[in-house]
Visitor: 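Mind looking over this structure? Questions follow.
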Amino acid sequence: MTHEFLPSVEESYHRLLEHIPGMAYRCRVEKARGSEQGFEYVLEFVSRGSFDLLGIPAGDMIEQNQNVIERMTHPDDLPRQRQSIYDKVVMGQPYQAMYRLILPGGRVKWVWDQGEGVTGPDGGLWYLEGLMMDVSEQKFMELSLREENRQFKTSTDSLFGLGGMVGKSEAMRKVYELVLKAAETESNIIIYGETGSGKDVAARAIHALSGRRGPYVPVNCGAIPESLMESEFFGHTRGAFSGATGNKEGYIGAANNGTLFLDEIGELPLQLQVKLLRALENKMYTPVGGTAPRESSFRLIAATNQDLAKMVREKTMRSDFYYRVHVLSITLPPLRERLADLPLLTAAWMEKRGTSIDIPLPVRLAMEHYGWPGNIRELYNFLDRYAAFGEAALDSLGEAGRAGLVLPDFHDGLTLEDATLQLEERLIRQALEKCRWRRGEAAACLGLNLRTLQRKMKRLKMFQSTAALSAD
């Protein structure tokens with residue numbers, strides 16, 4: 001009875017192999033000739049998936065048999081492929097390898113090859129059995145993203161923006177470099193910065209550049225009532241509590257294969273920090289009212305304007321949670337420390353609003369002398385008011401908005417040209433002092449290019465007193 005059943009099992013197994021995606025194979029293992037170490041592989045079986053994967057019918061593959069896959073393997077990948085498979089099978093472990101195959105006609109495909117060695121009654125290695133899948137699309141996307149990041153890294157000096165962030169000041173160039181490094185890792189990231197400095201924009205840039213296929217899920221931790229936090233983060237099952245009329249997916253589940261962005265992470269209560277810590281460590285969580293744990297492969301980016309290390313000392317944040325979150329840190333500079341970026345930020349606002357407005361010199365000077373405690377968010381709100389109400393919006397800038405231009409006092413013999421030159425010199429000197437005597441930044445603040453600024457300084461005979469000026 002048993003013998004009659006075995007052929008049908010064999011046939012079912014064979015049919016299954018013929019219909020699974022990719023190419024199933026079995027190779028007979030032979031000792032490599034003239035070598036103490038190493039094997040040669042003779043193809044004995046290959047599924048019909050060989051035609052879809054390689055463009056070669058299964059029968060033709062079997063006829064070629066001896067090392068047919070190795071003959072197609074890219075020469076740059078062959079030594080690594082052979083060695084990685086050999087190392088695993090001699091230890092009796094399954095193998096996995098990713099490498100390139102050169103198909104007939106010269107086309108290149110990336111394949112994911114996984115399998116294991118089969119030993120015979122003598123304990124020796126008799127076969128390799130495995131499955132080969134086409135991963136070209138994912139691999140080429142990864143390589144394209146890596147090349148984009150490499151190009152970004154080699155040209156950060158000329159960047160005017162990155163992933164929604166705007167600016168070309170030295171402070172922002174350093175931020176771009178950190179963002180690109182962060183995008184290449186899977187580590188948790190913490191972004192420090194004042195309110196309105198663009199922490200969410202930086203987090204979105206990291207997510208976009210990382211190539212993660214899942215969604216970007218932003219969460220404002222300070223806006224969730226403490227009584228609802230556990231349900232909001234982990235979800236809940238029907239009947240878990242009064243009012244839970246159905247199942248709900250939480251933020252952690254929604255961020256699977258993507259990025260979970262926790263803004264104002266310092267607002268999380270200690271009890272929730274414990275439960276989030278477990279989810280961060282093993283990527284497993286259990287919905288409120290549920291019993292079966294679920295998996296979510298999310299990447300965490302947190303942000304805060306608080307001193308988290310101080311919170312740990314004051315015991316308002318758990319130290320183990322802090323160290324899990326604080327792996328890579330990025331600090332965004334406040335707007336008052338990168339005033340040279342004001343023209344670019346203003347242009348970005350105009351592009352976003354689809355409008356173009358003239359910002360006269362008195363308004364630009366007021367903007368440059370204001371401290372911007374609300375940073376970029378406050379700047380964009382000011383520009384919205386200015387577009388609607390004109391110079392009346394300057395009242396919101398306090399003393400900086402009311403100061404206006406300090407004009408030269410009129411007296412006999414003062415011509416308009418002389419007054420204009422005096423005003424130009426005063427403004428240029430103020431801009432240079434504001435930008436720490438860096439001519440490039442001062443020119444940007446004044447809405448000039450560097451060559452025009454240098455020409456005006458020469459005309460005003462300002463070079464003698466500014467001999468040590470930097471062009472940067």
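Here the structure is a predicted model, which means the values were calculated and not measured. Just so you know, residue 1 is the first one in the sequence shown, and it goes up from there. All values below were derived from every heavy atom in this structure, side-chain atoms included, with hydrogens, water molecules and symmetry-related copies excluded.
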Visitor: Can you name the one residue among Met229, Met317, Arg318 that meets side chain to side chain contact (heavy atoms under 4.5 Å, CB included) with Leu268?
Guide: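 Only match with Leu268 under side chain to side chain contact (heavy atoms under 4.5 Å, CB included): Met229.
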Visitor: Quick check against the 3.5 Å criterion: does Ser50 have a side-chain atom that pairs as donor or acceptor with the backbone of Ile56?
Guide: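 It does hold such a pair.
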Visitor: Indicate yes or no for a side-chain donor-acceptor contact from Thr119 to the backbone of Gly124 under 3.5 Å, with no hydrogens or angles considered.
Guide: no
Visitor: For residues Met367 and Thr346, determine if any side-chain heavy atom of one lies less than 4.5 Å from a side-chain heavy atom of the other.
Guide: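 Counting from C-beta outward, Met367 and Thr346 do come under 4.5 Å.
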Visitor: Hey, does the Lys NZ or Arg CZ of Arg26 hover above the aromatic six-ring of Phe45, less than 6.0 Å from the centre and inside 45° of the axis?
Guide: no
Visitor: Side chain to side chain donor-acceptor pair (under 3.5 Å): which pairs involve residues 300-314, sequence neighbours left out?
Guide: Thr195-Asn305, Glu267-Gln306
Visitor: Using a strict cut-off of less than 4.0 Å between a Lys/Arg side-chain nitrogen and an Asp/Glu carboxylate oxygen, indicate whether Glu264 and Lys199 qualify as a salt bridge.
Guide: no
Visitor: State the CD-CD1 distance between Gln273 and Ile265, to the nearest 0.5 angstrom.
Guide: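 Answer for the CD-CD1 pair, Gln273 versus Ile265, is 7.5 Å.
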Visitor: If only atom types and distance count, is the side chain of Ser231 paired as donor or acceptor with the main-chain N or O of His236 below 3.5 Å?
Guide: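 Looks like no, no N/O pair under 3.5 Å.
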Visitor: Residues in ring-ring contact (aromatic ring centres under 6.0 Å, His included) with Tyr192, at least two apart?
Guide: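 For Tyr192, the residues satisfying ring-ring contact (aromatic ring centres under 6.0 Å, His included) (neighbours in sequence not counted) are His326.
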Visitor: Would the distance check show the side chain of Tyr176 and the main-chain N or O of Lys168 forming a donor-acceptor pair, the cut-off being under 3.5 Å?
Guide: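 Judged by distance alone, no pair lies under 3.5 Å.
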Visitor: Could you check Glu295 against Lys283 for salt bridge (charged side-chain N to carboxylate O under 4.0 Å, His left out), going step by step and ending with a plain yes or no?
Guide: CA-CA 6 Å; Glu295 184 176 358; Lys283 304 301 182 186; over 6 Å; no
Visitor: Suppose we screen for salt bridge (Lys or Arg N to Asp or Glu O under 4.0 Å). Which residues come up paired with Arg324, at least two apart in sequence or across chains?
Guide: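 Glu281.
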Visitor: To the nearest 0.5 Å, how far apart are CG in Asn256 and CZ in Arg213?
Guide: 10.0 Å
Visitor: Does Gln114 have any side-chain contact (heavy atoms from CB on, under 4.5 Å) partners at least two apart in sequence or in another chain, and if so, which?
Guide: Gln96, Trp112
Visitor: Using only atom types and a distance under 3.5 Å, with no angle test, would you say the side chain of Asn220 pairs donor to acceptor with the backbone of Gly222?
Guide: yes
Visitor: Taking atom CD1 of Ile191 and atom CG of Leu328, what is their separation to the nearest 0.5 Å?
Guide: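 It is 11.0 Å, given to the nearest 0.5 Å.
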Visitor: Atom CD in Glu232, atom CG in Leu272: separation rounded to 0.5 Å?
Guide: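 So the CD of Glu232 and the CG of Leu272 are separated by 11.0 Å.
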Visitor: For side-chain contact (heavy atoms from CB on, under 4.5 Å), just list the numbers for Val325 and Leu276, CA-CA rounded to whole Å, side-chain angles, deciding distance to a tenth of an Å, and then say yes or no.
Guide: CA-CA 10 Å; Val325 169; Leu276 278 176; over 6 Å; no
Visitor: Can you list everything that forms a side-chain contact (heavy atoms from CB on, under 4.5 Å) with Pro225? Sequence neighbours excluded, please.
Guide: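 Per chain and number, Pro225 pairs via side-chain contact (heavy atoms from CB on, under 4.5 Å) with Ser227, Leu228.
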Visitor: What distance separates Leu446 CG from Thr452 OG1, expressed to the nearest 0.5 Å?
Guide: 11.0 Å
Visitor: Suppose we screen for salt bridge (Lys or Arg N to Asp or Glu O under 4.0 Å). Which residues come up paired with Glu70, at least two apart in sequence or across chains?
Guide: Arg82
Visitor: If you apply the rule side-chain contact (heavy atoms from CB on, under 4.5 Å), what do you find for Ile85 with Asp113, and how did you get there?
Guide: CA-CA 10 Å; Ile85 293 177; Asp113 187 358; 4.2 Å; yes
Visitor: Quick one: OH on Tyr86 to CE on Met91, what's the gap to the nearest 0.5 Å?
Guide: 10.5 Å
Visitor: For Asp341, give me all partners under salt bridge (Lys or Arg N to Asp or Glu O under 4.0 Å), at least two apart in sequence or on another chain.
Guide: Arg338
Visitor: Who pairs with Pro218 by side-chain contact (heavy atoms from CB on, under 4.5 Å), at least two apart in sequence or on another chain?
Guide: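 Result, side-chain contact (heavy atoms from CB on, under 4.5 Å) vs Pro218: Asp200, Arg204, Tyr216, Phe261.
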Visitor: Residues two or more places apart in sequence or in another chain: which of them pass side-chain hydrogen bond (donor to acceptor under 3.5 Å, both in side chains) with Tyr285?
Guide: none
Visitor: Does the side-chain contact (heavy atoms from CB on, under 4.5 Å) test come out yes or no for Leu262 and Phe233, once each step is laid out?
Guide: CA-CA 11 Å; Leu262 301 186; Phe233 276 93; 3.5 Å; yes
Visitor: Step by step, would you call Glu186 with Arg212 a salt bridge (charged side-chain N to carboxylate O under 4.0 Å, His left out)?
Guide: CA-CA 10 Å; Glu186 292 296 313; Arg212 293 185 71 87; 2.4 Å; yes
Visitor: Using the salt bridge (Lys or Arg N to Asp or Glu O under 4.0 Å) rule, collect all pairs that involve residues 87-111, keeping only residues at least two apart or in two chains.
Guide: Asp77-Arg100, Lys109-Asp134
Visitor: Quick check: do Tyr127 and Glu44 have side-chain heavy atoms less than 4.5 Å from each other?
Guide: yes
Visitor: Are the charged groups of Glu177 and Lys174 less than 4.0 angstrom apart, N to O?
Guide: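 Between Lys174 and Glu177 there is no salt bridge, as every charged N stays at least 4.0 Å from the carboxylate O atoms.
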Visitor: Going by side-chain contact (heavy atoms from CB on, under 4.5 Å), name the residues that satisfy it together with Ile357, two or more places apart in sequence or in a different chain.
Guide: Trp349, Met350, Thr355, Ile359, Tyr386, Ala387
Visitor: Please name all residues satisfying side-chain hydrogen bond (donor to acceptor under 3.5 Å, both in side chains) with Tyr380, sequence neighbours left out, ordered by chain then number.
Guide: none
Visitor: Run the side-chain contact (heavy atoms from CB on, under 4.5 Å) check on Phe234 and Thr286 step by step: do they pass?
Guide: CA-CA 7 Å; Phe234 300 102; Thr286 304; over 6 Å; no
Visitor: Counting only N and O atoms by type, is there a donor-acceptor contact under 3.5 Å from the side chain of Arg299 to the main-chain atoms of Ser187?
Guide: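 Judged by distance alone, yes, a pair lies under 3.5 Å.
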